[in-house]
There are 2 protein chains.
Amino acid sequence: MATTSASKSSSLSARELRAWRGMLRAHAALTKALDADLEAQHGIPLTSYEVLLLLADAPDHRMRMSDLADAVLLSRSGLTRLVDRMARDGLLERETCDSDARGAYARITPAGLTLLAAARRTHLAGVRARFLDHVAADEQDLLGSCWERVLGDSAEDGVACG
Amino acid sequence: MATTSASKSSSLSARELRAWRGMLRAHAALTKALDADLEAQHGIPLTSYEVLLLLADAPDHRMRMSDLADAVLLSRSGLTRLVDRMARDGLLERETCDSDARGAYARITPAGLTLLAAARRTHLAGVRARFLDHVAADEQDLLGSCWERVLGDSAEDGVACG
DNA sequence: CAGCGCTGGTTGCGCGAACAATCACTCTTG
DNA sequence: CAAGAGTGATTGTTCGCGCAACCAGCGCTG
């Protein structure tokens, strides 16, 4: 089954399996390890870190709840709860939106910024050591283009026809 | 690390971001979509499908609980519960290990094999349509080699040193 | 400006997974 | 062969998440 062509059969080729299951395993291993790093050194899970990162980079250090939910790949309710926990820990605070009384902002606090500054180093070092350092620059470009193709398609609903 | 050298700073380059966050997003989108496919068309989640697949391919159509847990990236207890549910649904059954009375096998049932045969087509089509079709053969090879490098390293504990 | 659909956000609920403790059994070792 | 260390699997508990239901406020329409 040298070429992959005729084998749209009942199983994947070795090459396809390596690419596909490799990604699943790599993702699992990476997120688990990076999450453990943050938890151990700064006491926050990866999701909280990502929220802090987005808020810190956002104008006025704040974002709307919905935008934040989309950005961190969480459901609306999931983000509500996450923000609850982070607010309880003083990492951010809610802020009402004056132009739309329904809306709410999450704004990162000075404490959150301080924690982020430290966590950012940890996380970045982890991402480099565990992932980027194993992938040459041109490979990174290729990966990036693959993701864009994959995401561009999966954004549009399901398998659809065929 | 040619051009990226000096930038081991406090943030990732655009290229690095594209490769890294792209993977996170692609993984999330893919697993979510593939899980939804299976759930909608066959009533089983992705994790159950993977268990069925492994059991079907295993000698005697059975595997030890621990091996299964490792293979599907689940904790021991998580797998125990998953096997509970699948056994309740008749997709597999537990079997005691005669060489070690502590051990247990999970063995796929005829019903499980039947369901798998159908689900396999759905899942394979999904993986191809959503992922593999967007990645050329030589890119798949390159991805595979990247995953091996990443996993080979992360398998050995933490960041550690050499 | 009253009525009504729509949107942003929060809450009730259930599920799936991990961690720690536990049980059952095996394998040493004296 | 009895005692203790080690291993395979299960159970108790907790947690984070998504879905569905909900409430509040916006904005259109007549």
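Side chains of A:Glu93 and A:Thr109: no donor on one and acceptor on the other come within 3.5 Å.
Classification of A:Asp57 and A:Arg120 as a salt-bridged pair holds, one side-chain N sitting under 4.0 Å from a carboxylate O. Classification of A:Arg107 and A:Glu95 as a salt-bridged pair holds, one side-chain N sitting under 4.0 Å from a carboxylate O. The pair A:Asp67-A:Arg62 does not count as a salt bridge, with every side-chain nitrogen at least 4.0 angstrom from each carboxylate oxygen.
At the phosphate of C:dA20, neither OP1 nor OP2 sits under 4.0 Å from any side-chain N or O atom of B:Arg76. Listed pair B:Ser75 / C:dC19 fails the phosphate criterion, with no side-chain N or O lying under 4.0 Å from OP1 or OP2. The phosphate of C:dA17 (OP1 or OP2) has a side-chain N or O of B:Arg85 nearer than 4.0 angstrom.
In this structure, CG of B:Asp84 is placed 12 Å from P of C:dG16, rounded to the nearest angstrom. A:Asp70 places its CG atom 14 Å from the P atom of C:dT7, with the value rounded to the nearest Å. B:Arg88 has its CZ atom 12 Å from the C1' atom of C:dC15, to the nearest Å. Distance CZ (B:Arg81) to P (C:dC19): 14 Å, rounded to an integer number of Å. C:dA18 atom C1' lies 12 Å from atom CD of A:Glu39, rounded to whole Å. Atom-to-atom, CG of A:Leu74 to P of C:dG9 comes out at 14 Å; the value is rounded to the nearest Å.
Within the nucleic acid shown, A:Ser66 comes within 4.0 Å of sugar-phosphate atoms alone, with no base atom in reach, counting heavy atoms only.
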For side-chain hydrogen bond (donor to acceptor under 3.5 Å, both in side chains), just list the numbers for A:Arg149 and A:Ser145, CA-CA rounded to whole Å, side-chain angles, deciding distance to a tenth of an Å, and then say yes or no. CA-CA 6 Å; A:Arg149 276 173 271 154; A:Ser145 95; 2.7 Å; yes
Would you please test A:Asp141 and B:Arg15 for salt bridge (Lys or Arg N to Asp or Glu O under 4.0 Å) and show each step? CA-CA 6 Å; A:Asp141 284 334; B:Arg15 158 186 289 147; 3.0 Å; yes
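Mapping A:Leu79 and A:Ala101 onto DNA chain D by nearest heavy atom places A:Leu79 at the nucleotide closer to the 5' end. Residue A:Leu82 is the one, among A:Leu82 and A:Asp98, whose nearest nucleotide of DNA chain D lies closer to the 5' end (criterion: closest heavy atom). Mapping A:Ser77 and A:Asp100 onto DNA chain C via the closest heavy atom, the residue that lands nearer the 5' end is A:Asp100.
Aromatic ring orientation, A:His123 versus A:Tyr49: tilted (interplanar angle from 30° to 60°).
Along DNA chain D, read 5' to 3', the first and last nucleotides having any atom under 4.0 Å from a heavy atom of chain A are D:dG16 to D:dC26.
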